[in-house]
K.L.:
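Here it is: the structure, laid out below.
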2 protein chains.
Amino acid sequence: MDKIDRKILTLLQRDATMPVAEIGRKVGLSTTPCWRRIQKMEEDGIIQRRVAVLDPVKVNVGVTVFVSVKTNEHNDSWMRKFSGVIDEFPEVVEFYRMSGDVDYLMRVVVPDIGAYDTFYKRLISKINLTDVSSAFAMGQIKYTTALPLDFAIISDDDK
Amino acid sequence: MDKIDRKILTLLQRDATMPVAEIGRKVGLSTTPCWRRIQKMEEDGIIQRRVAVLDPVKVNVGVTVFVSVKTNEHNDSWMRKFSGVIDEFPEVVEFYRMSGDVDYLMRVVVPDIGAYDTFYKRLISKINLTDVSSAFAMGQIKYTTALPLDFAIISDDDK
DNA sequence: CATGAAAGGGCCCATCC
DNA sequence: GGATGGGCCCTTTCATG
């Protein structure tokens with residue numbers, strides 16, 4: 001991956017509908033080589049997919065809750081089971097295995113507190129969770145799907 | 001918004017490259033009305049944008065850190081300043097104002113612990129933060145940009 | 001008023017240089 | 001990496017219930 005690829009990714013992370021010809025123009029390439037680079041990055045899995053991003057408030061999931069879970073079950077099979085349960089809940093949009101005193105952290109999106117309570121009851125009915133604590137977000141100040149590309153590995157033969 | 005719109009959104013959240021004709025076929029509509037519905041949802045801001053989603057590991061930001069901030073400055077102007085500082089950091093991909101004992105929570109993506117330390121130093125040099133604590137994720141088990149549409153408001157005249 | 005059918009223009013993508 | 005061309009898809013216009 002070189003500087004041009006990074007520029008292409010920057011543009012596509014911002015707007016995936018941009019025509020290849022225009023991307024090429026912005027990065028100083030003609031259509032074909034630019035298209036080939038994009039194609040390769042898709043094959044390599046650098047570009048995973050192209051998705052529509054919706055307005056959370058307008059689809060009535062304006063409330064984010066961070067749910068911390070502590071457990072005594074520190075084995076792989078339990079994690080897989082937990083993971084499988086979480087997969088069934090579309091309200092859970094992010095799920096992490098943590099280091100430190102919390103074992104798992106998930107981000108849940110719901111319309112309001114009441115809906116969160118419903119979610120919570122459904123969750124604990126599916127799997128036994130020892131210690132769960134919920135932190136409510138009062139507002140989303142920043143949210144982006146665009147990853148920083150400043151750390152991406154640049155091939156040597158690139159000025 | 002009716003059931004068909006929800007189906008369209010479900011498809012577009014999964015894959016925004018799907019041709020309108022195919023979407024129409026899947027939801028039981030011909031091309032034009034399907035295209036118009038999508039157009040309208042874009043105008044209404046329900047569909048905010050279409051973006052490329054990249055693989056975090058492959059662009060070398062495989063480590064997620066959740067940073068909790070407590071502060072004594074509970075006024076709007078300070079929040080705006082903080083918000084402005086955060087905007088300058090592409091490593092911060094999410095930023096929330098919280099209720100409870102933590103005031104702000106952000107998700108930061110970096111290549112490794114060392115890069116997080118660099119980020120942390122740069123951050124506290126830009127703004128005075130009283131109480132900051134960092135929690136490292138050992139792994140991302142689930143991440144989706146797709147919001148649940150089960151809560152979306154359905155217009156009455158829809159079976 | 002919402003849907004469907006058909007036509008034009010633009011873009012993707014393959015081939016060749 | 002660049003240029004040309006065919007084919008598909010988006011987008012508009014017109015017709016229909």
Side-chain angles (χ1 to χ4, degrees), chain A residues 1-55 58-60 145-147 149-150 152-159, chain B residues 1-55 58-59 145-147 149 152-159:
Chain A
M1 170 148 56
D2 63 1
K3 283 188 174 178
I4 295 178
D5 282 339
R6 259 175 36 176
K7 282 187 185 175
I8 293 172
L9 291 177
T10 301
L11 293 169
L12 285 177
Q13 282 198 116
R14 195 152 35 206
D15 177 15
T17 69
M18 186 177 291
V20 179
E22 189 181 343
I23 297 172
R25 198 171 45 72
K26 282 181 191 290
V27 304
L29 242 60
S30 78
T31 309
T32 311
C34 183
W35 177 82
R36 267 201 285 258
R37 279 167 178 267
I38 294 170
Q39 206 68 10
K40 174 148 178 47
M41 290 193 285
E42 281 175 351
E43 283 168 17
D44 293 348
I46 296 173
I47 299 173
Q48 283 185 332
R49 59 209 317 200
R50 295 161 189 242
V51 301
V53 176
L54 310 187
D55 184 322
K58 288 184 174 155
V59 297
N60 198 30
T145 54
L147 303 176
L149 298 175
D150 310 310
I153 314 294
I154 305 286
S155 53
D156 296 350
D157 50 301
D158 183 52
K159 61 169 173 338
Chain B
M1 170 148 59
D2 63 359
K3 282 188 175 179
I4 295 178
D5 282 339
R6 259 175 36 175
K7 282 188 187 176
I8 293 173
L9 291 178
T10 301
L11 294 169
L12 285 178
Q13 283 197 115
R14 198 153 32 208
D15 177 15
T17 69
M18 186 178 290
V20 179
E22 189 180 344
I23 297 172
R25 198 170 44 73
K26 282 180 191 292
V27 304
L29 243 59
S30 79
T31 309
T32 310
C34 183
W35 177 82
R36 265 203 285 262
R37 281 168 179 265
I38 294 171
Q39 206 71 6
K40 175 150 177 46
M41 290 193 285
E42 279 175 352
E43 283 167 17
D44 294 347
I46 297 172
I47 299 173
Q48 284 185 330
R49 61 210 316 201
R50 294 159 190 244
V51 302
V53 175
L54 309 187
D55 184 324
K58 287 184 175 155
V59 296
T145 55
L147 303 176
L149 297 175
I153 314 295
I154 304 285
S155 52
D156 295 352
D157 50 300
D158 181 54
K159 61 170 176 331

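Values below: every heavy atom of this structure, side chains too, minus hydrogens, waters and symmetry copies. In what follows, every chain begins at residue 1, and chains take the letters A, B, ... in the order their sequences are listed.
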K.L.:
Does any N or O in the side chain of A:Asp2 come within less than 3.5 Å of the main-chain N or O of A:Ile4, such that one atom is a donor and the other an acceptor?
P.N.:
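The answer is yes, because a donor-acceptor pair under 3.5 Å joins these two groups.
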
K.L.:
Measure the OG1-CD1 distance between B:Thr10 and B:Ile23 for me, rounded to the nearest 0.5 Å.
P.N.:
11.0 Å

K.L.:
Can you work out whether A:Gln39 or B:Gly28 has the more 5'-proximal nearest nucleotide on DNA chain C?
P.N.:
B:Gly28

K.L.:
Could you state the atom-to-atom distance from CH2 of B:Trp35 to C1' of C:dA5 in whole Å?
P.N.:
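So the two atoms are 15 Å apart, to the nearest Å.
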
K.L.:
Need to verify one output field. Residue with the more 5' nearest nucleotide on DNA chain C, A:Thr32 or B:Arg36?
P.N.:
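Checking each residue's closest nucleotide, the 5'-ward one belongs to B:Arg36.
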
K.L.:
Over how many whole Å does the gap from A:Glu22 atom CD to C:dC11 atom P extend?
P.N.:
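My rounded result for the distance is 9 Å.
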
K.L.:
Check whether any side-chain N or O of B:Arg37 sits under 4.0 Å from OP1 or OP2 of C:dA2, and answer yes or no.
P.N.:
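Result: no.
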
K.L.:
Rounding to a whole Å, what distance do you find between B:Lys40:NZ and C:dT3:P?
P.N.:
13 Å

K.L.:
Nearest whole Å is fine: how far is C:dC13 P from A:Glu43 CD?
P.N.:
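The answer, rounded to whole Å, is 12 Å.
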
K.L.:
Whole Å only: how far is the CE atom of B:Met18 from the C1' atom of D:dC10?
P.N.:
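Checked: the CE to C1' distance equals 16 Å.
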
K.L.:
Could you tell me whether the side chain of B:Gln13 and the main chain of A:Leu54 form a donor-acceptor pair under 3.5 Å?
P.N.:
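Not at all, since once roles are kept as given, no pair shorter than 3.5 Å links the two residues.
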
K.L.:
Find the distance B:Leu29:CG to D:dC10:C1' and express it as a whole number of Å.
P.N.:
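One finds 16 Å between C1' of D:dC10 and CG of B:Leu29, rounded.
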
K.L.:
Where is the tightest heavy-atom contact between A:Lys58 and B:Met1, given as atom of each residue plus distance?
P.N.:
O-CE, 4.4 Å

K.L.:
Starting at atom CG of B:Leu12, determine the distance to atom P of D:dC10, rounded to an integer number of angstrom.
P.N.:
11 Å

K.L.:
Within this structure, what is the CD1-to-P distance between A:Ile38 and C:dC11, rounded to whole angstrom?
P.N.:
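About 14 Å, once rounded to whole Å.
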
K.L.:
Among C:dC13, D:dG2, C:dC11, find the nucleotide with the atom closest to the side chain of A:Pro19.
P.N.:
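When the side chain of A:Pro19 is considered, C:dC11 is the closest of C:dC13, D:dG2, C:dC11.
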
